[in-house]
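The block underneath contains the structure these notes are about, expressed in structure tokens.
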Protein chains: 2
Amino acid sequence: MSSIHPAIVAQHSSAPLPQPWLERAWSAGSAPRSEDLIELIRSSGQTARLERDEMLFCEGDDGEALYVILSGTVRCCKVLADGRRQIIGFYQAGDLLGLSLGDVYFYSAEAVTPVRLRRLGRVQLETMMDERPQLRRRLFSIAAGELAAAQNQMLLLGRKTARERICTFLLGRAGSDGAVELPMSRTDIADYLGLTIETVSRTLSQLRSAGLVRMSGLSSLELTDPDRLSDMAEAA
Amino acid sequence: MSSIHPAIVAQHSSAPLPQPWLERAWSAGSAPRSEDLIELIRSSGQTARLERDEMLFCEGDDGEALYVILSGTVRCCKVLADGRRQIIGFYQAGDLLGLSLGDVYFYSAEAVTPVRLRRLGRVQLETMMDERPQLRRRLFSIAAGELAAAQNQMLLLGRKTARERICTFLLGRAGSDGAVELPMSRTDIADYLGLTIETVSRTLSQLRSAGLVRMSGLSSLELTDPDRLSDMAEAA
DNA sequence: CGCATCTTTGAGACTGCTCAATACAGGTGG
DNA sequence: CCACCTGTATTGAGCAGTCTCAAAGATGCG
């Protein structure tokens with residue numbers, strides 16, 4: 001049950017920081033996430049890298065560090081004894097991982113794509129939090145956003161139809177131009193939305209037939225009618 | 001994967017504070033929730049009361065206060081345009097409400113039973129947090145627990161069968177003696193577990209026929225075989 | 001005691017799942 | 001560069017668990 005630990009490579013780079021996933025999923029969000037926090041952690045942590053499908057940490061491991069993703073996509077998941085899996089969320093550049101710094105991590109984190117990230121030890125983090133009220137508030141606010149996202153997902157999983165789930169998912173990942181990148185597999189999408197891969201695939205095909213999305217390759221598509229899609233996301 | 005052991009729970013001198021829901025749902029929890037925080041808020045807030053079904057705050061309202069429940073049960077829920085409802089959680093004496101102090105509340109809070117609670121303004125809370133590192137850590141830890149509970153619920157809603165959901169729910173609410181109090185209606189339970197009232201009712205009847213629970217009235221039952229129930233909670 | 005509400009039980013329908021076959025994409029070697 | 005091969009995605013047919021609709025049985029309140 002211990003995680004494979006990635007090589008820690010002391011290395012700096014200043015890649016662009018795309019909008020974090022949370023910002024979009026959390027429409028009622030408080031202040032826009034400032035980059036200072038991320039900069040701070042980036043500058044005080046160590047860099048790590050993950051291969052595709054490599055595990056960053058495992059459910060049950062000691063929660064010893066907070067991570068900032070510099071590039072790539074990470075999935076966090078919980079698994080039942082018989083293998084059924086629920087993906088808690090996908091995280092991308094600018095997002096924080098392992099925020100629930102209890103004694104242990106409550107979920108496993110794995111790389112969907114190759115990932116670069118920075119690691120900040122728990123002690124170091126707590127020191128920083130004690131010293132900087134502003135950082136503290138920001139982290140609290142990010143945790144609140146995470147909670148709000150989780151609750152939205154509970155609504156989706158508990159009460160939405162397959163089509164609504166897919167539409168919600170696509171809208172949540174769409175850029176302002178309607179482009180959607182899906183670096184994760186259909187299986188990952190299914191496990192995130194509480195469906196099977198077949199249902200995901202079928203539903204996407206339906207949306208395509210209905211002229212709501214245009215698909216260009218397996219991992220990228222375009223929303224051609226976001227308004228209608230938006231209606232479909234919340235009402236059958 | 002067997003039984004849950006709510007071992008702890010020492011006797012408290014004054015008001016009997018039932019174990020907060022979080023403690024039980026969050027098996028991997030950090031330090032047991034100390035009462036000092038609750039005492040602190042209790043002593044600095046104003047008391048409020050709610051009638052049955054009365055609303056404390058509504059999704060979208062300004063998140064101006066944190067509440068501690070003194071007695072009674074509260075449900076927090078999110079609702080879709082067409083009325084479908086998802087209950088995010090049930091909260092009881094000792095639990096905190098409105099922790100996600102963003103600008104607005106992300107869900108509505110309503111009284112399941114008559115409720116007494118204490119209210120602490122946001123400004124007041126932030127002052128207290130700045131002054132007391134320990135309080136701060138505790139609140140952060142509680143928020144983390146809330147997040148963990150939400151993620152467990154995502155697993156339940158996304159991947160568990162009706163029977164598994166009911167079993168998980170019952171185990172989560174059982175005292176050490178196997179007694180379960182259900183102050184909420186079947187509709188509330190259904191909306192919490194992502195089911196319909198009929199399915200809830202049928203499943204409870206099945207468990208009773210199978211000799212796993214004994215029902216004494218609508219709102220209270222007893223787990224007669226927690227181990228078997230526990231198996232059922234995670235595997236069909 | 002009577003009424004309104006909630007719960008339980010039943011029968012049938014439907015969404016999404018399972019199992020199975022085909023199609024596609026990406027990488028490998030000739 | 002193309003044929004091959006493996007893993008993933010799509011499509012199809014049938015099934016099952018849960019939902020819907022409906023009625024009867026409890027419960028609680030005035």
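Convention: sequence-line order gives letters A, B, ...; per-chain numbering from 1. Note: hydrogens, waters and symmetry copies are ignored here, and every other heavy atom, side chains too, is used.
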Heavy-atom nearest nucleotide on DNA chain D taken for A:Leu204 and for A:Arg159; more 5' hit belongs to A:Leu204
Using a cut-off of strictly less than 4.0 Å, decide whether A:Thr196 has a side-chain nitrogen or oxygen near OP1 or OP2 of C:dC17.
yes
Taken to the nearest whole Å, CZ/A:Arg163 to P/C:dC14 is 16 Å
Between CD of A:Glu198 and P of D:dT11 the distance, given in whole Å, is 12 Å
Under 4.0 angstrom, heavy atoms only, what part of the nucleic acid is B:Arg165 near: base, sugar-phosphate, or nothing?
nothing
Distance in angstrom units between A:Gln206 CD and C:dG16 P, rounded:
9 Å
Measure from CG on A:Leu193 to C1' on C:dT15 and round the result to the nearest Å.
16 Å
Go through the side-chain N and O atoms of B:Ser108 and B:Lys78 and say whether any donor and acceptor fall under 3.5 Å apart.
no
In whole angstrom, give the distance that lies between atom CE of B:Met184 and atom P of C:dT5.
22 Å
Looking for any heavy atom pair under 4.0 Å, which part of the strands does B:Ser201 touch: base, sugar-phosphate only, or nothing?
base
Give a yes-or-no answer on whether the side chains of B:Thr47 and B:Arg118 include a donor-acceptor pair shorter than 3.5 Å.
yes
Would you kindly give the CD1-to-C1' distance between A:Ile189 and C:dG16, to the nearest whole Å?
17 Å
Expressed as a whole number of angstroms, how long is the span from B:Leu218:CG to D:dA26:P?
11 Å
Considering only heavy atoms from C-beta outward, does the side chain of A:Gln92 approach that of A:Ile69 to under 4.5 Å?
no
Donor-acceptor pair under 3.5 Å, A:Arg186 side chain vs D:dT11 base
no
In whole angstroms, the gap separating P of C:dT15 from NZ of A:Lys160 amounts to 18 Å
Strictly by modelled atom types, are A:Ser71 and A:Arg116 linked by a side-chain donor-acceptor pair under 3.5 Å?
yes
With a cut-off of less than 4.0 Å, is there a side-chain N or O of A:Ser185 near OP1 or OP2 of D:dT8?
no
The criterion is side-chain hydrogen bond (donor to acceptor under 3.5 Å, both in side chains); which residues satisfy it with A:Thr199, sequence neighbours excluded?
A:Thr196
Between the base of D:dG12 and the side chain of A:Arg202, is there a donor-acceptor distance below 3.5 Å?
yes
Quick check for you: among C:dT7, C:dG16, C:dT9, whose closest atom lies nearest to any side-chain atom of B:Ser205?
C:dT9
Give one of base, sugar-phosphate or nothing for A:Leu195, where a contact means two heavy atoms less than 4.0 Å apart.
sugar-phosphate
